[in-house]
Structures are given as C-alpha cells and as structure tokens.
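Working notes, structure below.
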Amino acid sequence: MSGEKQEPGVFARQSSGLIRTLSSKETFLLNFMYLSPAASIAYPLTFAVFFPGSNWMLATLVGALLALPTAFMYYYIGMLTPRSAGDYVYVSRYLGPRLGMIQALVNIFGYGIGLDVQTEQSLVIVPFFQTLGMVFHDPGLITLGNTLVSNTFYYFVSTTVMILIIGAVLMLSMKWIAKVISSLTILQIIGTFVIIAVLFSVGRAGFAGDFSSISTSFGGPSYSAITSSYKLSLSFNGLGTLLLGIMIMGNLFIYNNAPIWVGGEVKKGSRAIKSGILYSYIFAAALSLVLVFSIVDFIGQRFFIQASDVGWTTSSGAGIPVAPYSLLAFVIIPTLSNLPLLMIILISSLTWFVSYAFIGGLNGTRAMFAVAMDRLLPEKFLDISPTLKSPYFSVLVFFAIALLFNYLEIYQGFSLSLMFGVISYMLFQYFIASLAAFRASKSAGKLSSKLLISSGLSAISVISAIGILLGYGALTYNPSGFGFDLFSGNVVPSILLLVGIVVASLIWFEVARYIRKKNGVDVSTIFKEIPPE
C-alpha cells in the first residue's frame, strides 16, 4: 500500500487543502491538553473507596505502564502514515472500510463534547463560583454556582454557550486553534505546578489545620473528624491497586493520540510526532505521579476518600460551601488566604475539562473530513474556507450534532454513563486502532518490528484492562459494590447508542457504496490507497 501514488479521481479531491502548521511545541501542548493530569487523576481516585489498601502511587505507575505500548504504537504508526483523522485512516485501510466507518462514527456521535462541558460545569464552574462567593463573602456567587447545576434550564444554557465558544474557536485556521490550545495548556501546566507547590509548602499538618479552621468557622467537621470516620484498613491491596491502575489508565493515560488526528497538519512529521506522543506522555506521567504523591502525603488518602464519598458538611448541611467532588475543591483550601495563588488555581482550572472538548471537536471534524475524502459523505464536507482556512462545513455539522446531544443528555437522559463510555471508547478507539497498526506492521519497512511489538502489546493491554474491569464489575454489581458505581447512569441508552453506531456504520457504508456505484465510482478501490496530503 502506498501513500504516494493514487489513481486520478479516486478521492473526492486530490489534496486535502489542510495546511501543515503545527510545530513540535504545539503538538506537545496539544497532546498534554488531551491527557490533562489535573482533571483526569481525581475522578478515578474517587473509586478508591472500593479498593481499600490500594497504593495510589503504584496504581498511577501501573496505569502509565499499561498505556505505554499504545503510546509507542501511535508514535510508530504516526511516523509511518502522518495523515489527519489518523485512526480512521489506519483502521479503514488495514482492517477495512466498515470498521473504519464504525471508528469514525464513534468519534462523531458516540463521544461528543456534551459530556465534557457538562463535566466542566459540575466539577469546575460550580466550585469556581462557590469558592469566589466564600472568599468575597458573597452568598449570591455561591447560589449562582449551585443554580448552574441544580436548575436544568441554566445548566443547559451555560453548557450550550460553552459548546458554541469551542465551536467558534474550531472554525478558525489550525494556526489560531494551536495558539488558543497552546495558551490554555500552558495556563493549565502553570496551575498544576502551583497546586503541587502549595501542597508541598503547607504539608499534611498545614492542610489539616487550614481545613479545620475554615470548616469549623462554617459549623462543619474538622479534618480529624472526617479522617476518623473512614473505618476501612489501608493495608496493601494488590488487586485493588491493579484495578485502580486500570481506572487511571482508562481516564488519563490512554488519551495520548491527539496529534494523530491532525497528522496531516503537523510540520516536520517524525520530530513533531515524537514530541506530541512520547515527550508529552512522559511529562504528563511524571507530573501525575508528583500530583498523586501530593494528594496522598499532604491531603491524605483517608480524608480524600471520605470527603469525596460522603462530603464534608454535617447532616444539617453546615460546612464549607464548596462541594468536594472535584480536585479543585481540595486544592483551594490552603490558598483561601492568598488571593493571587487562589486565582491562578481557579482560572487555570477552567481549562481542565474543556481541554477534552477541544480535542474531541478536532477529532470529530477531522473524521467527517476524512470520510468525505473517501466519498462516503457529500463533498460539501470537504469545503475549506478561503478566509478561515478551516473545514468550516464539517465543523458546523459536528457542533450541530454536539448541541443536539447536549439537549438529549440534559433533558432526555440519553447519554453514556461515564465509566461505561471510557470502557467502550477503549474498545472502539484504542483496541481497534491497535489491531489496525498490527496489520500495518507487515508493510512498515524499517518500522515493521517496532510497530508489530508495540501494537501487539497495546492490543493485549487494552483488551485485558477492559476484561478485568468488566469481570470485576460484574462480580461486584450490588448497591454498595464497585460494579454498581462503574455502570451507574443510563446503561440502556448507552448500549443502544453504541449498538446504533455499529448498525448505522454498516448501513451507511453500503448505502454510500451503492450511490457512488450508480455514479460510476467504485468505493472499494479507495481503501486500497492512503489519502493524499
């Protein structure tokens, strides 16, 4: 298979029209934003209540090592075939167009940005306003924060506004998108370093004292009262450490392929891909380990688990008026008397979950563009604005879908449960991509053995992680068990959506092939070639 020679007229256009503008620094920042350790590490740690005795540091290392083969797999196949919508290209060329369509539609429909902005609203925006209200003694700001998540209409309006803002940015050229994402990522990194520095500077005693002082001033419990209410043993639990490591892998380290989706817009291919995939991964893993160490040693496992699980107010609701369901709620405690540091943490936290939305938007729009290049969507999706230098029509359609799903998720309850979404995404995205890379290794030249080993290990790692989570979840599916929490949410709509994507993909391909054949185009010949740059 060659990416250099295509039959005239095979593709809908003979060059993508997308410009190579991304530098090594920009791909590094783009991928780090997808990994987003400060946002990603806290959620799986809330499941630690089901794994008493799990070693959080070791679990973080396990999660990083489990996803490492996938990182190398993406690095090698990214060097082999640097194209935009890379995962779709690899899967459709090496495993066939039907699986390629499934992979594309998963990124277009299954994992839209609605859930990302909703998570941003609940875990960042709400504690953001609650914290400001507490610091400035303004009950109105606290009420605003509560209203934004408790009032369905305001919740819908605010998340819709976020989607529109992200969509407006992604309408710009990649040059300006990179500037926006790079700036937000640098802000996020600065905020994460400030969080770590603050926790190191105050230590366990300082954090406990700060919390107790603030909490009791609101009539809430002390630090020791919360930690003493956690009754489970912290003796080492190997199985719990493995399971927590898989949770960390699935929520943090596996999201390491952002540059692959914009591979055709990256300058100096191999160096930029190495910076985007490998260097950013190493940096994110190191930062995650330090961040987890800070939580364990200075916030405390017992306190973090208990507060995340049952809250830190009394039965009457007295206590700190910031819900402890996000890492943000914990790390603002030592900085409440230091307004500059507090504002750095608060403002940088605004990048935490919208980072996924930006990358998800890029993935979805590039998937649409690539599918149109293969003549499975109308050529209109290939239109590049001469002014904006972006595939504006694909962006508009993708964000119309995102707005629709945001409405369905908020008003109709039609959404993926979070961990079910993570597991299915690992299956549809990373496992299938690993199989495609394994097939690609046969014709990878000098990269053949490296791609063969990394993709094989990646497939084994991902499918093993999925199997262990599903197996343990099934064994502990009871109201107080891990499995019940793992699959909490709208399981039936989740399954229907995923099954619907698979069925729709197969029908879509057959219909498109039939229509194109009537117009004298044999779609099957397209998938024997790599799309042009």
Side-chain angles (χ1 to χ4, degrees), residues 35 37-68 123 195-196 199 204 207-208 223 226-255 284-312 324-327 329-331 418-420 422-423 426 461-462 464-488:
L35 290 160
S40 303
I41 199 64
Y43 176 72
L45 291 182
T46 62
F47 280 82
V49 66
F50 298 107
F51 313 125
S54 57
N55 185 304
W56 293 10
M57 286 289 292
L58 183 56
T60 305
L61 184 60
V62 166
L65 291 175
L66 284 173
L68 190 60
L123 300 186
I195 288 170
I196 292 170
L199 292 176
R204 175 76 66 87
F207 181 89
Y223 181 92
I226 291 175
T227 54
S228 63
S229 63
Y230 181 76
K231 303 298 183 183
L232 299 177
S233 170
L234 290 182
S235 299
F236 178 70
N237 179 344
L239 177 60
T241 299
L242 173 62
L243 287 162
L244 185 59
I246 293 173
M247 294 286 290
I248 293 172
M249 171 202 183
N251 284 273
L252 167 56
F253 292 116
I254 201 70
Y255 296 93
L287 199 59
S288 298
L289 284 166
V290 177
L291 188 58
V292 171
F293 176 83
S294 304
I295 295 171
V296 170
D297 267 41
F298 307 131
I299 295 177
Q301 282 186 232
R302 283 187 171 89
F303 180 81
F304 190 91
I305 294 173
Q306 191 68 5
S308 298
D309 188 38
V310 301
W312 54 30
Y325 308 128
S326 167
L327 179 62
F330 292 86
V331 299
L418 188 54
M419 267 314 298
F420 188 89
V422 168
I423 291 172
M426 288 170 66
S461 177
V462 172
S464 298
I466 293 171
I468 291 170
L469 274 186
L470 290 177
Y472 190 76
L475 291 173
T476 57
Y477 192 77
N478 59 73
S480 60
F482 167 74
F484 194 81
D485 236 45
L486 180 68
F487 300 113
S488 64

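Nothing here was measured: the structure is a model prediction, and the numbers come from that model.
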For this session: Would you mind reporting whether Tyr472 and Leu239 have side-chain heavy atoms less than 4.5 Å apart?
Result: yes

For this session: Evaluate side-chain contact (heavy atoms from CB on, under 4.5 Å) for Ile305 paired with Leu45, printing each intermediate quantity in order.
Result: CA-CA 8 Å; Ile305 294 173; Leu45 291 182; over 6 Å; no

Seminar exercise, completed: In terms of heavy-atom contacts, Ser54 and Phe51 come closest through OG-O, 2.9 Å

Problem set entry | CG on Leu291 to CG on Leu199, rounded to 0.5 Å | 8.0 Å

Exercise. Taking side chain as C-beta onward, heavy atoms only, is Phe304 less than 4.5 Å from Leu327?
Worked result: yes

Problem set entry | Any Leu486 side-chain heavy atom under 4.5 Å of Phe50 side chain | no

Exercise. Where do Leu65 and Phe253 land on the side-chain contact (heavy atoms from CB on, under 4.5 Å) test, with the steps shown first?
Worked result: CA-CA 9 Å; Leu65 291 175; Phe253 292 116; over 6 Å; no

For this session: Quick one: closest heavy-atom pair of Leu470 and Ile423, and the distance?
Result: CD2-CD1, 4.0 Å

For this session: Please round to the nearest 0.5 Å and tell me the distance separating atom OG1 of Thr227 and atom CD1 of Ile299.
Result: 13.5 Å

For this session: Enter the distance from Trp56:CH2 to Phe293:CZ here, rounded to the nearest 0.5 Å.
Result: 14.0 Å

Exercise. What class does the angle between the rings of Phe484 and Tyr477 fall in, given that below 30° is parallel, 30 to 60° is tilted and above 60° is perpendicular?
Worked result: tilted

Seminar exercise, completed: dist Leu35:CG -> Ile41:CD1 (nearest 0.5 Å) comes out at 11.0 Å

For this session: Supply the atom-to-atom distance Thr476 OG1 to Asn478 CG, rounded to the nearest 0.5 angstrom.
Result: 6.5 Å

For this session: Locate the shortest heavy-atom distance separating Met249 from Ala465; write the atom from each residue and the value.
Result: SD-CB, 3.9 Å

Problem set entry | Closest heavy-atom pair and its distance - Phe482, Gly473 | CD2-CA, 4.1 Å

For this session: Of all the heavy-atom pairs spanning Met426 and Val462, show the shortest one and how long it is.
Result: O-CG1, 3.5 Å

Problem set entry | Exercise: identify the closest heavy-atom pair between Gly53 and Thr241 | O-OG1, 4.4 Å

Seminar exercise, completed: From the list Leu252, Leu243, Asn251, side-chain contact (heavy atoms from CB on, under 4.5 Å) with Pro44 holds only for Asn251

Exercise. Which word best sums up how the rings of Phe47 and Tyr43 line up, parallel for under 30°, tilted for 30 to 60°, or perpendicular for over 60°?
Worked result: perpendicular

For this session: Would you please test Phe330 and Ile295 for side-chain contact (heavy atoms from CB on, under 4.5 Å) and show each step?
Result: CA-CA 9 Å; Phe330 292 86; Ile295 295 171; over 6 Å; no

Problem set entry | Pairs touching residues 289-312 that satisfy side chain to side chain donor-acceptor pair (under 3.5 Å), sequence neighbours left out | Ser229-Gln306

Problem set entry | Rounded distance (nearest 0.5 Å) linking atom OG of Ser461 with atom CD1 of Ile254 | 6.5 Å

For this session: Would you please test Ile196 and Phe298 for side-chain contact (heavy atoms from CB on, under 4.5 Å) and show each step?
Result: CA-CA 10 Å; Ile196 292 170; Phe298 307 131; over 6 Å; no

Exercise. Mind checking whether Phe207 and Phe303 have parallel, tilted or perpendicular rings, split at 30° and 60°?
Worked result: perpendicular

